[in-house]
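This report concerns only the one structure given below.
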Amino acid sequence: MSLRFNAIANISTAPETKVEGSSKITAIFGSNVFTLKTAREFLSDEAYKSLLASIKASQKIDRAMANQIANGVRAWAESKGVTHFTHWFQPLTGTTAEKHDSFFTLKSDGTPIEQFEGDALIQQEPDASSFPNGGLRATFEARGYTAWDPSSPAFIMDIGQGKTLCIPTIFISYTGESLDYKAPLLKALEALNRAAVDVCNYFDKNVTKVTATLGWEQEYFMVDEALFNARPDLVLCGRTVYGHNSARNQQLEDHYFGSIPERVYAYMRDFETESYKLGIPLRTRHNEVAPAQFECAPIFEEVSVAVDHNSLLMDVMDRVARRHHLRVLVHEKPFAGVNGSGKHNNWSMATDTGVNLLAPGKTPKTNLMFLTFFVNAIKAVHDYSDILRASIASAPNDHRLGANEAPPAIISVFIGQYLFKVLNDVKERVGDKFDEQDESMLKIDIHKSIPELLMDNTDRNRTSPFAFTGNKFELRAVGSSANCANPMTVLNTIMAETLRQFKKDVDALIEKGDKKEIAIMHVIREYIVASEKILFEGDGYSENWAKEAERRGLPNVKTTPLALDAMVTEKAKHLFESNKIYTHAELEARHEIELEKYIKKVQIESRVMGELATSHILPPAIRYQTLLVKNINGLKAAGLSESAYSNQVQILNKISEHINKASDLVEKMIEARKICNAMEDTRTKAIAYQSQVKDAFFDEIRYHVDKLELLVDDREWYLPKYRELLFLR
Ligand code: ADP
Ligand code: MG
């Protein structure tokens, strides 16, 4: 029996996985995290104070205290049955990485002991030669090391075999270049902090710290493990490269608010429990639009913690799925013709005085502060939309952006009717100057109207890539498999840059004698005028918008290799260097890495398509072809007239045509790949892979294969079909 039928037969007999009894979330929340409360318990006063100081100042641990802290962390971990530790980091491969070491060691006389030295806590040198570095370490002949980022607490991963203490780290080369997603993110958050505090101080001198906040929404698909294993394309690429639409698809739209299937529900409860133990504050779960598609979202947190938690969650989801004989797909487009998955990034900024800077204020003064940050965010996205677009570019996300289900590749900002009108009012103020009477302007009662605005659902535009949703912006173009760090690094950097410029502009007017509030209003007005072409309230999926955007001069870059160009323009280099996020060398390296990732993904998909066509598609098709030939010849030999076998001839013709076309195209695609592989320049090669391999062959080969799926005897077909992958549970 083929893997496919084995898998189908076994679904009904799949053993149910027991899920831990439902205790109160508060009873388990953070129990596997070395929180400050735990630190208080396991560390001496001295060590605790030192740790606290490092966390507050976002600085490395004091060497002198490291051994004490490490001992405390080990004591805690051992009390929970941990034997191994690892530095956990987020390399540019997009997944998380770890290398386990045990506490166990031998003293010089051979006595076995358990120990965890300060050095091992603070810094490690993973064999990192296999992580992408874009030529950085080769150029500088330096090795990479991981260093504990104390702003992110240590945690225990206890899924699967054994429990492991994980130390969240950044990954850098000995010459100081960032080799991961986390290090530049921390720099961007610091740049934003500095710039935003300066601007906040116009309004409130008590603000000394601004933190960016992130609440992500993770979409994913669930597939039965045995069916998954019978689909080499899912195993190797995370998406189906072939598969005809199921007769029933998502047209009934009954999945969205439908009840969650039992098996998936058990899985959700299980991974939620593991997440709670790790301090991930998950709050919502629901079905998504497509069959077998779901979403979860946490309460928002500081960006750096939220980024770690999302990376951790994707890992936890994958591990827990296996124990339920399920597989989770976080690919942006696992199934053609069915909605893809995204990861909305809800973003705002908060002061240490407890103010959400994107929440409309209650007094004229805080109102002006809101307007300042709101308009600066719009200006930032306007000025650097190309770089923001580059930060979400990836081979899998290309399937989504602009495919009438996700925001288009055109970056625009939606703010809703009311705020649109407010900005217009500010803009239309007559004359060049805001005089004293215009101070009435400062009293616009934004906060009163906002709740109404939120009640009005028609004002919630689902098609915008960057939408204001009442007290935060929602960046919707991020792909479901992406690490949020990259778009968050860019968003916070461009915000920092814009705010720095804002302060310069306002100060210049104040120096000329303007009153502070008037100066601020002037610059706000100037920024509204300068960035209004990015504002769009209409349907982002419509063709008219693409035309209109072109007229406005907004970029619409649909493919990753070209979108990535924006990373290495003079503008980008200046932006990232002046904010101390990336040097030119680091930017070039990252650009190279992203291009290489793109090439590899398309190359692997292309190989899988070729191999599957030859080994999984053609054999049953040819057998069926032979059967038809036998049948026709038999009927002919029996002396029946042509009309007796004319239908068979028709099917035979179709099958033969699709077999020939598919196998011809596969050969040609291999030739095209060879030409691409010989190319030296990475960018040229990536563009060639996109146009000469992916665009030139993928859809066409798939067309013929999917036709064969419809024609060939179902019992002969090896690959689980869409109806099975999406509807069996
Ligand atoms: P939606 O209708 O999009 O589901 P929600 O109010 O449920 O809207 O919020 C979605 C996400 O936005 C949640 O993860 C939530 O934590 C997050 N969020 C809310 N406020 C903020 C904020 N100030 N900063 C960042 N994220 C936020
Ligand atoms: Mg949302």
Side-chain angles (χ1 to χ4, degrees), residues 25 29 185 188-189 192-193 196 200 207 209-220 256-257 268 272 275-276 279-289 293-314 317 339 341-362 366 369-370 373-374 376-377 380-381 406-407 413-416 447 450-451 453-478 480 482 484-485 487-489 491-492 495 540:
I25 293 168
F29 191 76
L185 175 68
L189 294 170
L192 176 80
N193 172 36
C200 281
V207 174
K209 191 168 178 173
V210 170
T211 37
T213 50
L214 165 66
W216 38 262
E217 302 164 50
Q218 179 73 52
E219 291 182 330
Y220 59 95
Y256 193 55
F257 286 116
M268 284 176 170
E272 282 167 1
S275 302
Y276 292 140
I280 305 172
L282 288 181
R283 206 168 65 173
T284 60
R285 55 162 105 102
H286 61 81
N287 289 352
E288 264 303 322
V289 179
Q293 192 187 26
F294 307 90
E295 182 191 290
C296 66
I299 298 165
F300 70 93
E301 301 174 279
E302 266 182 46
V303 170
S304 64
V305 180
V307 163
D308 281 4
H309 280 167
N310 181 249
S311 292
L312 199 49
L313 176 91
M314 288 198 283
M317 285 174 76
N339 268 11
S341 300
K343 176 150 49 200
H344 295 176
N345 278 203
N346 296 273
W347 168 83
S348 187
M349 292 150 286
T351 66
D352 54 352
T353 54
V355 175
N356 175 356
L357 291 169
L358 290 176
K362 291 198 171 65
T366 49
M369 181 152 88
F370 159 72
F373 280 87
F374 180 65
N376 270 279
V381 174
V413 180
F414 169 86
I415 58 174
H447 78 279
I450 288 285
L453 170 126
L454 287 178
M455 297 307 285
D456 181 8
N457 263 324
T458 56
D459 221 26
R460 295 204 57 173
N461 190 319
R462 292 263 154 217
T463 65
S464 174
F466 196 74
F468 186 68
T469 49
N471 55 6
K472 60 191 185 285
F473 276 104
E474 183 166 344
L475 176 59
R476 299 212 183 98
V478 184
S480 50
C484 310
M488 279 297 121
T489 300
L491 189 55
N492 289 293
M495 189 65 187

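Only a predicted model underlies this, so the values are computations on that prediction, with no experimental measurement involved. Atoms considered below: every heavy atom in the structure, side chains included; atoms not considered: hydrogens, waters and symmetry mates. In each ligand, atom 1 is the first atom listed, and ligand 1 is the first ligand listed.
A salt bridge does not link E295 to R285: none of the charged nitrogens lies less than 4.0 Å from a carboxylate oxygen.
Looking at residues two or more places apart in sequence or on another chain, you find a side-chain contact (heavy atoms from CB on, under 4.5 Å) between F300 and T213. By the side-chain contact (heavy atoms from CB on, under 4.5 Å) test, A485 pairs with Y181, L185, V307, N483, sequence neighbours left out.
Classification of the F473-F374 ring pair by plane angle, with boundaries at 30° and 60°, yields parallel.
In E474, the part holding a heavy atom less than 4.0 Å from any atom of ligand 1 is the side chain. If you look at H344 next to ligand 1, there are no close heavy atoms at all, none under 4.0 Å.
Of the N or O atoms in W347, none lie within a sub-3.5 Å distance of an N or O in ligand 1. Annotation: I299 places no N or O atom under 3.5 Å from an N or O atom of ligand 1; distance criterion only. Between F300 and ligand 1, at least one pair of N/O atoms sits closer than 3.5 Å.
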Residue pair E219, K343: steps toward the side-chain contact (heavy atoms from CB on, under 4.5 Å) verdict: CA-CA 6 Å; E219 291 182 330; K343 176 150 49 200; over 6 Å; no
Going through the distances and angles, do C200 and F373 end up as a side-chain contact (heavy atoms from CB on, under 4.5 Å)? CA-CA 9 Å; C200 281; F373 280 87; 3.7 Å; yes
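Ligand-side atoms of ligand 1 in range of E217: 3 (O), 10 (C), range being under 4.0 angstrom from any heavy atom. Atoms of ligand 1 lying under 4.0 Å from any heavy atom of K472, numbered from 1 in the order shown and given with element: 6 (O), 9 (O), 12 (O), 18 (N), 19 (C), 20 (N), 21 (C), 27 (C). Numbered from 1 in the order shown, with element, the atoms of ligand 1 that lie under 4.0 Å from a heavy atom of N356 read 23 (N).
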